[in-house]
Amino acid sequence: MPLINNITNEDFNRLVRFMHSQYGIDLSQKRQLVTSRLSSLLSQRGYSGFGPFLDDLLRKKDPGDVEQVLNRLTTNYTFFMREQEHFTFFTGTILPELVRRHQRDKVLAIWSAGCSSGEEPYNISMCIKDYLGPQAGQWDTRVLATDISQKALASAKRGVYELPDTIPPNWKKRYFRPSGKGASQYMVAPEIRDNVIFQTFNLMDPIKFRVKFDVIFCRNVMIYFDQPTKDALVRRFYDATVPGGYLLISHSENLSKDAPYRTVAPSTFQKQA
């Protein structure tokens with residue numbers, strides 16, 4: 001069956017409204033992306049056009065179908081030590097402050113929101129283990145890692161990766177094991193895997209976790225949102241952050257001038273204590 005490369009204004013607007021209302025994703029300027037990334041799916045599923053496909057998608061809201069659309073319209077691309085300046089600031093400034101603040105309870109609350117295939121939360125955990133050293137066993141440093149994509153979370157839980165050159169050599173020895181699936185494939189070591197809790201979560205939902213967070217990483221996620229959606233999410237993050245806690249976003253993103261956090265480093269923000 002030939003690829004379906006045309007979508008009517010009505011069908012495009014139906015999809016735009018659905019994705020925005022349910023997932024905060026703004027596709028209003030992405031018509032070409034929508035047609036190019038979904039046309040093969042429609043052909044594989046035997047649809048004659050976008051109309052019948054959207055009729056079924058919006059009527060059934062089948063989780064598997066919705067996830068296929070989400071995976072095609074967003075890019076679950078990430079890697080270890082991405083935007084390394086964040087990890088330098090995290091290790092050099094944030095962690096020393098948190099360790100002083102939590103000397104009594106020895107609990108850190110850190111959230112990787114939009115964790116994709118898992119490199120970010122594992123990277124955070126490695127930074128923590130490296131910083132705490134022999135004392136790490138005395139602390140509860142488990143990282144919450146959430147994503148809307150079951151496919152991305154399944155990959156994250158497997159924890160098997162090709163390691164980039166940005167990984168410090170001593171980390172490669174300490175925090176990874178050969179996976180047995182090829183010379184370039186490594187598995188995250190159990191002490192790091194067990195330090196990350198993966199959970200499905202839609203960032204458009206109310207944030208009602210049991211604890212408030214010392215640090216929230218939400219990088220390369222808000223690029224898919226329009227400004228009102230970003231602003232509303234940042235307010236929810238702010239309410240979910242402890243006084244003195246931090247929000248880190250991607251260098252390609254920004255907060256509104258009236259955002260409640262104060263800027264402390266590039267793409268790094270702090271809630272007033």
Side-chain angles (χ1 to χ4, degrees), residues 1-79 82-83 112-117 119-120 146-156 200-206 217-237 249-259 267:
M1 183 173 289
L3 293 180
I4 301 159
N5 293 317
N6 295 314
I7 184 171
T8 66
N9 290 338
E10 180 184 355
D11 287 336
F12 178 67
N13 289 330
R14 290 165 69 199
L15 180 60
V16 167
R17 287 193 297 270
F18 173 71
M19 295 297 287
H20 185 268
S21 65
Q22 298 298 311
Y23 306 104
I25 296 172
D26 180 14
L27 296 173
S28 60
Q29 306 300 316
K30 304 285 181 64
R31 187 174 187 132
Q32 184 175 351
L33 179 143
V34 166
T35 55
S36 64
R37 294 196 178 180
L38 293 186
S39 59
S40 60
L41 176 62
L42 268 65
S43 296
Q44 291 169 12
R45 301 286 294 277
Y47 286 98
S48 59
F50 276 90
F53 171 75
L54 287 170
D55 288 343
D56 286 347
L57 182 73
L58 302 184
R59 177 171 52 85
K60 298 176 182 177
K61 294 184 176 64
D62 179 86
D65 292 343
V66 172
E67 174 145 11
Q68 282 200 58
V69 172
L70 284 168
N71 287 337
R72 287 173 183 253
L73 295 180
T74 59
T75 304
N76 289 311
Y77 172 70
T78 186
F79 50 90
R82 186 176 191 178
E83 298 183 325
S112 171
C115 67
S116 187
S117 48
E119 286 93 332
E120 180 179 87
T146 68
D147 203 276
I148 197 171
S149 170
Q150 295 284 352
K151 181 179 178 182
L153 288 173
S155 175
T200 306
F201 185 73
N202 183 346
L203 288 173
M204 294 303 99
D205 290 343
F217 285 77
C218 185
R219 305 186 303 164
N220 299 290
V221 174
M222 291 189 286
I223 54 174
Y224 297 107
F225 302 159
D226 60 21
Q227 198 60 51
T229 303
K230 292 179 192 176
D231 292 344
L233 177 58
V234 168
R235 287 192 293 272
R236 293 198 296 279
F237 280 152
I249 67 174
S250 167
H251 291 139
S252 63
E253 301 165 324
N254 56 72
L255 300 188
S256 296
K257 291 181 180 179
D258 60 350
S267 305

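Atoms CG and CD1, on N254 and I249 in that order, are 6.5 Å from each other to the nearest 0.5 Å. Distance check: M204 CE to L233 CG gives 5.0 Å after rounding to the nearest 0.5 Å. Interatomic distance, L153 CG to T146 OG1, rounded to the nearest 0.5 Å: 8.0 Å. Atoms CE and CD, on M222 and E253 in that order, are 5.0 Å from each other to the nearest 0.5 Å. Distance CZ/R72 to CG/L41: 4.5 Å, rounded to 0.5 Å. Between atom OG of residue S39 and atom CZ of residue R37 there is a gap of 11.5 Å, rounded to the nearest 0.5 Å.
Each of V34, L57, L54 was evaluated against V69; a single residue qualifies, L57, per the side-chain contact (heavy atoms from CB on, under 4.5 Å) test. Checking L27, I25, T229 one by one against H20, the side-chain contact (heavy atoms from CB on, under 4.5 Å) holds for a single residue, T229.
Nearest heavy-atom pair, D147 versus A152, reported as atom, atom and distance to 0.1 Å: OD1-CB, 4.2 Å. The nearest pair of heavy atoms linking S252 to N220 is OG-OD1, 3.7 Å. Closest of all the heavy-atom pairs between Q32 and T35 is O-OG1, 2.9 Å. Nearest heavy-atom pair across F225 and K230 is O-CE, 3.1 Å. In this structure, G51 and R14 approach most closely via the heavy-atom pair O-NH1, 3.9 Å.
In this structure, Q44 places its CD atom where more than 12 heavy-atom neighbours from other residues, nucleotides or ligands lie under 6.0 Å away.
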- Query: Do L33 and L73 pass the side-chain contact (heavy atoms from CB on, under 4.5 Å) test, and can you show the C-alpha distance, the side-chain angles, and the key distance before you say yes or no?
  - Reply: CA-CA 7 Å; L33 179 143; L73 295 180; 3.6 Å; yes
- Message: Applying side-chain contact (heavy atoms from CB on, under 4.5 Å) to Y47 and D55, what does each step give before you reach the verdict?
- Response: CA-CA 11 Å; Y47 286 98; D55 288 343; over 6 Å; no
- Stepwise, does the side-chain contact (heavy atoms from CB on, under 4.5 Å) test hold for R31 with N9? CA-CA 9 Å; R31 187 174 187 132; N9 290 338; 2.6 Å; yes
- Message: Pair Q227, S256 - check side-chain contact (heavy atoms from CB on, under 4.5 Å), show working.
- Response: CA-CA 8 Å; Q227 198 60 51; S256 296; 2.9 Å; yes
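Under a 3.5 Å cut-off, the side chain of N71 and the backbone N or O of S149 do not form any donor-acceptor pair. Remark: side-chain polar atoms of Q150 are not paired, donor with acceptor, to backbone N or O of E67 under 3.5 angstrom.
Between the side chains of S28 and D26, a donor-acceptor pair is found at a separation under 3.5 Å. Checked by atom type, the side-chain pair S267/R219 shows no donor-acceptor distance below 3.5 Å.
L38 places a side-chain heavy atom less than 4.5 Å from the side chain of F50. With a 4.5 Å cut-off on side-chain heavy atoms, S116 and V221 do not count as touching.
Residues R236 and D205 are not paired through a salt bridge, judged by the lack of any N-O separation under 4.0 Å between the basic side chain and the carboxylate. A salt bridge links D65 with R45: the distance from a Lys NZ or Arg NE/NH1/NH2 to an Asp or Glu carboxylate oxygen falls below 4.0 Å.
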